[in-house]
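Structure record follows, encoded as structure tokens.
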Amino acid sequence: MLKTFGPGRMILHNAPYEAISVTVDKDTPGVIEDAGRKMLPAGTILGGADGTIFDKRDQKVKKAMQATDTMDGVLLSNTDVTDGDQVVSLVYRGTVRLDLLGDANEKAVLDEAKKKLPHLVFVKGV
């Protein structure tokens, strides 16, 4: 359970980061039911539904469920998709806390994200 409807856990290790706005598909896999709401947790690895969002900006993003999926970045904040698609911040450059990403992602996806997201540094702990 997410236990909060706010921004949730702070996945960033330190403040300097870069993010891009993207639209999360309301039907993306990986949502968590929380108090009757469909939430996508902060730290979820997201990628374009049809290739990278950096090549095709008008597409929606979805959760990377397998190591072979497209991976463009990490969801900055908890996101409520109960009522439809949501515009969110996708962190693609910076330092993120690996220990806080495990609940939202499969281990194989995290291992591959370290390779596919070269502008992100994954740090375990504070």
Side-chain angles (χ1 to χ4, degrees):
M1 298 290 280
L2 293 178
K3 301 178 187 165
T4 179
F5 287 111
R9 57 190 163 205
M10 179 51 69
I11 62 156
L12 299 173
H13 185 265
N14 51 15
Y17 71 95
E18 292 182 32
I20 191 167
S21 61
V22 295
T23 302
V24 172
D25 188 329
K26 66 178 172 50
D27 296 320
T28 189
V31 296
I32 298 170
E33 291 285 333
D34 190 19
R37 307 299 292 178
K38 291 172 26 178
M39 304 293 290
L40 195 60
T44 300
I45 306 293
L46 299 174
D50 185 30
T52 178
I53 54 114
F54 296 103
D55 290 338
K56 189 175 177 187
R57 290 286 302 131
D58 60 342
Q59 69 179 309
K60 296 177 185 177
V61 296
K62 61 182 179 69
K63 178 179 179 177
M65 296 296 289
Q66 303 175 52
T68 55
D69 288 349
T70 301
M71 298 179 197
D72 291 316
V74 179
L75 180 63
L76 182 60
S77 304
N78 288 345
T79 302
D80 185 343
V81 294
T82 307
D83 299 323
D85 298 344
Q86 296 296 317
V87 176
V88 300
S89 293
L90 183 72
V91 177
Y92 65 89
R93 183 185 308 269
T95 306
V96 294
R97 292 196 42 202
L98 182 61
D99 56 313
L100 297 180
L101 304 185
D103 292 343
N105 304 283
E106 299 296 324
K107 183 181 180 330
V109 170
L110 281 177
D111 290 344
E112 191 63 21
K114 293 175 195 175
K115 299 173 197 168
K116 288 185 175 181
L117 301 172
H119 299 293
L120 283 176
V121 176
F122 296 85
V123 175
K124 191 169 185 175
V126 289

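- Exactly one residue among Asp34, Leu100, Asn78 makes a side-chain contact (heavy atoms from CB on, under 4.5 Å) with Pro41. That residue is Asn78.
- In plain terms, the two heavy atoms of Lys63 and Pro29 that are nearest each other are CB-O, 3.3 Å.
- Side-chain contact between Asp25 and Asp85 is present, with at least one heavy-atom pair separated by less than 4.5 Å.
- For the atom pair CE of Met10 and OG of Ser77, the computed distance is 7.5 Å after rounding to the nearest 0.5 Å.
- Leu76 is connected to Phe122 through a chain of hydrophobic side-chain contacts under 4.5 Å among Ile, Leu, Val, Met, Phe, Trp and Tyr, so both are in one cluster.
- Residues Val87 and Ser21 approach most closely at CG1-CB, 4.1 Å, considering heavy atoms.
- Rounding to the nearest 0.5 Å places CD of Gln59 at 9.0 Å from CZ of Arg57.
- The two residues Leu101 and Arg97 come nearest to each other via the heavy atoms CG-O, 3.4 Å.
- Here the OG1 atom belonging to Thr44 is positioned 7.0 Å from the CD1 atom belonging to Ile32, to the nearest 0.5 angstrom.
- Within a 6.0 Å radius of NZ in Lys56, other residues, nucleotides and ligands contribute more than 12 heavy atoms.
- The shortest distance between side-chain heavy atoms of Asp69 and Val109 does not fall below 4.5 Å.
- Side-chain contact between Val96 and Leu12: present, with at least one pair of heavy atoms (C-beta onward) separated by less than 4.5 Å.
- Gln66 approaches Met71 most closely through the heavy-atom pair O-CE, 3.8 Å.
- Within 6.0 Å of OH on Tyr17 lie no more than 12 heavy atoms contributed by other residues, nucleotides or ligands.
- Cluster annotation: Leu75 and Val121 are assigned to distinct hydrophobic clusters (Ile/Leu/Val/Met/Phe/Trp/Tyr, side-chain heavy-atom contacts under 4.5 Å, transitive).
- Note that the OG1 atom of Thr82 and the CD atom of Glu33 stand 7.0 Å from one another [nearest 0.5 Å].
- Looking only at side-chain heavy atoms (C-beta outward), Asp50 and Thr70 stay at 4.5 Å or farther from each other.
- Atom NZ of Lys116 has more than 12 heavy atoms from other residues, nucleotides or ligands within 6.0 Å.
- Asn105 places no side-chain N or O within 3.5 Å of a backbone atom of Leu110 that could act as its donor or acceptor partner.
- Classification of Lys26 and Asp83 as a salt-bridged pair fails, no side-chain N sitting under 4.0 Å from a carboxylate O.
- Side-chain contact between Leu46 and Leu40: present, with at least one pair of heavy atoms (C-beta onward) separated by less than 4.5 Å.
- Scored by the side chain to side chain contact (heavy atoms under 4.5 Å, CB included) test, Gln86 finds Thr79, Val81, Val88 as partners (sequence neighbours excluded).
- Residues Ile20 and Val24 are members of one and the same hydrophobic cluster, defined by side-chain heavy-atom contacts under 4.5 angstrom among Ile, Leu, Val, Met, Phe, Trp and Tyr.
- Within the 4.5 Å cutoff, the side chain of Pro16 has heavy atoms near those of the Asn14 side chain.
- Here the CD1-CD distance, from Ile45 to Glu106, works out to 12.0 Å after rounding to the nearest 0.5 Å.
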